[in-house]
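Read the structure below first, then the notes.
The figures that follow rest on heavy atoms only: side chains count, while hydrogens, waters and symmetry mates do not. What you see is a predicted model; the values in this text were computed from it and never measured.
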Amino acid sequence: MLWAVFALALTQVRGPEDAPLVFALVFAIEAGTTCFEPARGAVIPQIVPREGLAAANALGGATWSAMLAFGAMLGGGVVVGLLPSLGWQVVFLLLAIIWLVLAKPF
């Protein structure tokens with residue numbers, strides 16, 4: 001949820017004078033990622049039986065790789081499709097909405 005707040009804050013950038021704000025927000029987003037990924041990896045042995053651990057780790061790695069490739073492709077398409085017509089603020093707003101949807105507990 002906090003990542004969405006940072007993405008929304010990026011919509012407030014108005015020009016080069018806001019570069020320190022951009023660096024701080026991007027740093028905060030990446031810092032959150034560095035905390036999330038190890039926690040995600042550490043919880044897998046807690047919820048998967050020992051005999052299924054290798055398969056769970058392999059599935060997690062494959063899913064991460066596919067997500068990275070598909071996400072980069074989709075993100076590039078969104079930026080190329082929306083940026084010229086709607087502006088970069090809309091791209092960050094869309095990113096915040098996506099993070100809010102993905103953070104919703106199932």
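- Scanning both residues, A7 and F92, for their nearest heavy atoms gives O-CB, 3.6 Å.
- I98 contributes atom CD1, which lies 6.5 Å from atom CG of L74 (distance to the nearest 0.5 angstrom).
- Note: the hydrophobic cluster containing I44 does not contain L59 (ILVMFWY, side chain heavy atoms under 4.5 Å, direct or indirect links).
- In terms of heavy atoms, V13 sits closest to L21 at CG2-CD2, 4.1 Å.
- The two atoms that bring G81 and S85 nearest to each other are O-OG, 3.6 Å, heavy atoms only.
- The nearest pair of heavy atoms linking P84 to V80 is CD-O, 3.1 Å.
- Hydrophobic cluster membership of L68, counting Ile, Leu, Val, Met, Phe, Trp and Tyr whose side-chain heavy atoms lie under 4.5 Å apart directly or via other members: W64, M67.
- Smallest separation of non-hydrogen atoms from L8 and L93: CD2-CD1, 3.5 Å.
- Within a 6.0 Å sphere centred on CZ of R50, other residues, nucleotides and ligands contribute 12 heavy atoms or fewer.
- There is no path of hydrophobic side-chain contacts, each under 4.5 Å, that joins F27 to L25.
- Both V26 and F6 are members of a single hydrophobic cluster when ILVMFWY side chains are connected at heavy-atom separations under 4.5 Å.
- The two atoms that bring L53 and P45 nearest to each other are CD1-CA, 3.9 Å, heavy atoms only.
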